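What follows is one structure encoded as structure tokens, with my remarks underneath.
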Amino acid sequence: MDAFDPIAPDWTQSATHAHEFHCPQCHAPSLEAQQVWLNRRSPVYTENHRRKWQEFYQCQCGYAWWAWSSDRPPSKFGDRELPQEDLPGFW
């Protein structure tokens, strides 16, 4: 199963919209999903002209859910500072 496959897998048909970014049934995070599919063929444009996609997850408990890519919580790696020795030009 390829998360970027253009054709939706069958399990996405029963998915429900999760209003928080975890499984609505067992509250497992998206990282624990058994399968993932991104609906990249139908982006939605927000009022500030940014794109968002539906991200579908089949949870380990068997429940299928989806959420908007824009609802994803920030990555713990997104705002981290690089150690001094990893900065460009450091000798």
Side-chain angles (χ1 to χ4, degrees):
M1 161 74 226
D2 180 11
F4 300 102
D5 194 331
I7 299 170
D10 291 338
W11 59 265
T12 62
Q13 302 304 312
S14 64
T16 59
H17 185 191
H19 295 284
E20 296 181 24
F21 214 88
H22 57 71
C23 176
Q25 184 164 296
C26 73
H27 305 287
S30 61
L31 293 174
E32 294 180 13
Q34 290 183 337
Q35 296 188 78
V36 177
W37 182 71
L38 306 175
N39 185 6
R40 303 272 312 223
R41 294 184 66 174
S42 302
V44 172
Y45 290 89
T46 65
E47 56 278 350
N48 60 357
H49 306 290
R50 297 192 67 147
R51 287 185 291 184
K52 64 181 183 178
W53 294 271
Q54 285 177 297
E55 297 184 9
F56 289 83
Y57 298 92
Q58 186 174 40
C59 186
Q60 59 190 0
C61 73
Y63 196 79
W65 59 279
W66 70 270
W68 292 111
S69 58
S70 59
D71 294 340
R72 175 181 288 285
S75 169
K76 65 180 180 181
F77 303 111
D79 293 318
R80 71 179 187 171
E81 291 187 29
L82 292 174
Q84 188 77 23
E85 60 271 10
D86 290 342
L87 294 174
F90 182 82
W91 296 87

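A quick note: this is a predicted structure, and the numbers were derived from the prediction, not measured. Computation of the quantities below employed the complete heavy-atom set of this structure, encompassing side-chain atoms and omitting hydrogens, waters and symmetry-equivalent molecules.
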Linking I/L/V/M/F/W/Y whenever any side-chain heavy atoms sit under 4.5 Å apart, do W53 and F56 land together?
-> no
For residues 18-34, which side-chain N or O atoms pair as donor and acceptor with protein atoms under 3.5 Å away, sequence neighbours left out?
from : atom 1 : to  : atom 2 : distance (Å)
E20  : OE1    : H22 : NE2    : 3.1
H22  : ND1    : H27 : ND1    : 3.4
E32  : OE1    : Q60 : NE2    : 3.0

D10: side-chain contact (heavy atoms from CB on, under 4.5 Å) partners, not counting sequence neighbours = none
Taken to the nearest 0.5 Å, the spacing of D71 CG from E55 CD works out to 9.0 Å
Can you measure from CZ (R40) to CZ (R51) and round to the nearest 0.5 angstrom?
-> 7.0 Å
Write down the atom of [X], the atom of [Y], and the distance for their closest heavy-atom approach.
X   : Y   : result
H17 : A67 : CD2-CA, 4.2 Å
T16 : Y63 : OG1-OH, 2.8 Å
Q13 : A8  : NE2-CB, 4.5 Å

Any Q58 side-chain heavy atom under 4.5 Å of W37 side chain | no
Pair Q54-W68, side chain to side chain contact (heavy atoms under 4.5 Å, CB included): steps then yes or no = CA-CA 5 Å; Q54 285 177 297; W68 292 111; 3.6 Å; yes
What do you reckon, is CZ of R50 surrounded by more than 12 foreign heavy atoms closer than 6.0 Å?
-> no
What's the verdict on side chain to side chain contact (heavy atoms under 4.5 Å, CB included) for N39 and W66, showing C-alpha distance, side-chain angles and the deciding distance?
-> CA-CA 10 Å; N39 185 6; W66 70 270; over 6 Å; no
